[in-house]
Visitor: 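There's a structure below that I have some questions on.
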Amino acid sequence: MTRALSIHQARRIALAAQGFTDRLPTVAPTLAHLRRVVGRTRLLQMDSVNIAVRAHYMPLFSRLGVYDMQLLDRAAWRPRHRSRLLAESWAHEAALIPIEDWPLFGWRRDEFRDGRYRYTREVMRNNRELACDVHDVIAECGPSTPKQIEDHLGIERVPGQPGGWWHRGDVKHVCEAMFAAGDLSAVRNENFARHYDLAERVIGAGVTARVDRADAHRELTAQAGRALGVATIADLADYYRTKTADVRPAVDDLVDSGVLTPVAVAGWRDTAYLHADARIPRRVERSAILSPFDPLIFYRPRTERLFDFHYRIEIYVPEHKRVHGYYVLPYLMDDDIVARVDLKADRRERTLRVLGAFLEDERPRTVVAERLADNLRHMAGWLGLDDVVVGGRGDLAGALRAEIARA
């Protein structure tokens, strides 16, 4: 008989799996704390939008509280004493993954051998010699931007053609193709600018390891199951953006070996799978502001199923059509998502601006405002800001402004 779980049990399982029931550090978070978080999530989705803070820094803050962001920078891009822990990869979109997981994505790098997009593939196929030149420049000069490579090769941009993501020259496309294929990796400077380097210099010996495609999908599915706690096949596939056709046989193998167990979650149409390491805490006592790309919520259908929380980021929605705001972050309180806030870090005025604050239906306004105010103060301090100012938009704004004023 299939085991049955209530939706509240499923929530607590998911939150525990993602590290929201782990003990908060009593000292300034260290590399060991970062290892623990990434050991839970297995990836940190990256995003360059910096209106509040870049997305990959937020999951650590949500789970550890105030920490030094240089901790992540050193783990991923500026290691000390060859202690690099993370590397950029196409995992769940652009993400940081543990170095030891690099071989598990060899099949994807093979699929991306000439790049991820059609135009990039066309550029790469027409510029094999340029790819060799790019490799040689980086081998000689070390980590380089496309502009630095162009300068070294004496390549001039077409007059009137700007740089940037949507108007890249051939060198940029070639670098992207070589990155997707695993010939190059990347490091970032203080301004988040990507510098391409030879993969073997960034990843180390693991770059040569090969894992059979089926074995890799089995391990990635197991890792997704552990990170999610309880999940449908669609949830498991989305975690690393794999195909359900590859996940289904992996799930069958993992069920046979006892790693996953089929369960029925109340209100879920599809069968879910409980990981052997999952636990059901009696309660969750944690509040956290979440990145739009936090692994707990980045698969929106699961977020809605799990928390009854309909969430869409509205960055690309025209301003007059936005419902909640430009950069809206969900607010987790215990085992529920109870509110959302539209945030902006006004660095010139040293102020965290809450442009909008919105309460979910039937949540306790006073309690939510009190706890959210405390989280916002901590976030402001973490970002080096002196004040929190709440605007007028949203049905939680008044209560939140009153709580902030009491400090």
Visitor: Do R340 and L396 have side-chain heavy atoms sitting under 4.5 Å apart?
Guide: no

Visitor: For the residue pair I99 and I203, establish whether any side-chain heavy-atom pair is separated by less than 4.5 Å.
Guide: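 Yes - at least one pair of side-chain heavy atoms lies under 4.5 Å apart.
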
Visitor: With no hydrogens and no angle check, just 3.5 Å: does a side-chain donor-acceptor pair link Q45 and D294?
Guide: no

Visitor: Is the terminal nitrogen or CZ of R54 (NZ for Lys, CZ for Arg) located under 6.0 angstrom from the six-membered ring centre of Y57 and within 45° of that ring's axis?
Guide: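 The answer is no, since R54 fails at least one limit relative to Y57.
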
Visitor: Taking the side chain as every heavy atom from C-beta outward, state whether R365 and E370 have any atom pair closer than 4.5 Å.
Guide: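 Answer no - side chains too far apart.
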
Visitor: Yes or no on salt bridge (charged side-chain N to carboxylate O under 4.0 Å, His left out) for R283 and D334, after CA distance, side-chain angles and deciding distance?
Guide: CA-CA 8 Å; R283 63 181 63 87; D334 299 333; over 6 Å; no

Visitor: Just how far is it from atom CZ of R11 to atom CG of L5, taken to the nearest 0.5 Å?
Guide: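 Answer rounded to 0.5 Å: 13.5 Å.
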
Visitor: Just so I know, are the side chains of D270 and I233 near enough to count as touching, which here means a heavy-atom distance under 4.5 Å?
Guide: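 The answer is no; the side chains never approach within 4.5 Å.
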
Visitor: Begin with the C-alpha distance, continue with both residues' side-chain angles, and end with the deciding distance and a verdict on salt bridge (charged side-chain N to carboxylate O under 4.0 Å, His left out) for R322 and D342.
Guide: CA-CA 11 Å; R322 290 176 192 148; D342 183 15; over 6 Å; no

Visitor: For Q70 and R78, test the side chains for any donor-to-acceptor distance below 3.5 angstrom and give the result as yes or no.
Guide: no

Visitor: Within 45° of the ring axis of W90 and under 6.0 Å from its six-membered ring centre, is that where the NZ or CZ of R108 lies?
Guide: no

Visitor: Hey, are the side chains of I289 and S62 touching, using non-hydrogen atoms and a 4.5 Å cut-off?
Guide: no

Visitor: Show, in sequence, the C-alpha distance, side-chain angles and deciding distance for I315 and I51, and conclude whether the side chain to side chain contact (heavy atoms under 4.5 Å, CB included) test is met.
Guide: CA-CA 11 Å; I315 289 175; I51 191 168; over 6 Å; no

Visitor: Could you walk me through whether F179 and F112 pass the ring pair (Phe, Tyr, Trp, His ring centres under 6.0 Å) check?
Guide: CA-CA 9 Å; F179 173 82; F112 291 165; over 10 Å; no

Visitor: Between W102 and R109, is there a cation-pi geometry (under 6.0 Å to ring centre, at most 45° from the normal)?
Guide: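 Geometry flag: set, cation within 6.0 Å and 45°.
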
Visitor: Is R286 reaching over with its side chain to a backbone N or O of L332, donor-acceptor style, under 3.5 angstrom?
Guide: no

Visitor: Could you check L400, V338, V367 and say which one makes a side-chain contact (heavy atoms from CB on, under 4.5 Å) with L372?
Guide: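 The residue from L400, V338, V367 that satisfies side-chain contact (heavy atoms from CB on, under 4.5 Å) with L372 turns out to be L400.
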
Visitor: Has R302 got its NZ or CZ under 6.0 Å from the middle of the six-membered ring of Y299, at an angle within 45 degrees of the ring axis?
Guide: no

Visitor: Between P249 and D246, is there a side-chain heavy-atom distance shorter than 4.5 Å?
Guide: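 When only atoms from C-beta onward are counted, P249 and D246 do not touch, as no gap falls below 4.5 Å.
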
Visitor: For residues Y117 and Y119, establish whether the separation of their ring centroids is below 6.0 Å.
Guide: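 Between Y117 and Y119, the centre distance exceeds or equals 6.0 Å.
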
Visitor: Quick check: do T232 and T271 have side-chain heavy atoms less than 4.5 Å from each other?
Guide: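 Result no, sub-4.5 Å side-chain heavy-atom pair not found.
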
Visitor: Under 3.5 Å, is there a donor-acceptor pair linking the side chains of N375 and Y331?
Guide: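 A pair is found: one side chain offers a donor N or O, the other an acceptor, under 3.5 Å apart.
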
Visitor: Side chain to side chain contact (heavy atoms under 4.5 Å, CB included), that's the test. Do L329 and L290 meet it? Break it down for me.
Guide: CA-CA 6 Å; L329 288 75; L290 302 174; 5.9 Å; no

Visitor: Hey, does the side chain of D346 reach the backbone of E349 with a donor-acceptor pair shorter than 3.5 angstrom?
Guide: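 The answer is yes, because a donor-acceptor pair under 3.5 Å joins these two groups.
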
Visitor: Can any side-chain N or O of R363 pair as donor or acceptor with the backbone N or O of D361 at less than 3.5 Å?
Guide: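 Yes; judged by distance alone, with no hydrogens or angles, the pair exists.
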
Visitor: Report the residue from D238, T41, T242 that forms a side-chain contact (heavy atoms from CB on, under 4.5 Å) with H92.
Guide: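 Only one of D238, T41, T242 forms a side-chain contact (heavy atoms from CB on, under 4.5 Å) with H92, namely D238.
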
Visitor: Kindly assign one of parallel, tilted or perpendicular to the pair W77 and H56, based on the angle between their ring planes and the thresholds 30° and 60°.
Guide: perpendicular

Visitor: Side chains of Q223 and Y240: is there a donor and an acceptor less than 3.5 Å apart?
Guide: yes

Visitor: Would the distance check show the side chain of Q18 and the main-chain N or O of L15 forming a donor-acceptor pair, the cut-off being under 3.5 Å?
Guide: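 Between the backbone of L15 and the side chain of Q18 there is no qualifying donor-acceptor contact (under 3.5 Å).
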
Visitor: Distance only, no hydrogens: is a donor on one side chain within 3.5 Å (strictly under) of an acceptor on the other, for T21 and R279?
Guide: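 Per modelled atom types, T21 and R279 side chains form a pair under 3.5 Å.
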
Visitor: When you compare the side chain of R218 with that of D215, does any pair of heavy atoms fall below 4.5 Å?
Guide: yes

Visitor: Classify the side-chain pair H173/T120 by whether it contains a donor and acceptor separated by less than 3.5 Å.
Guide: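 Indeed, the side chains of H173 and T120 share at least one donor-acceptor pair under 3.5 Å.
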
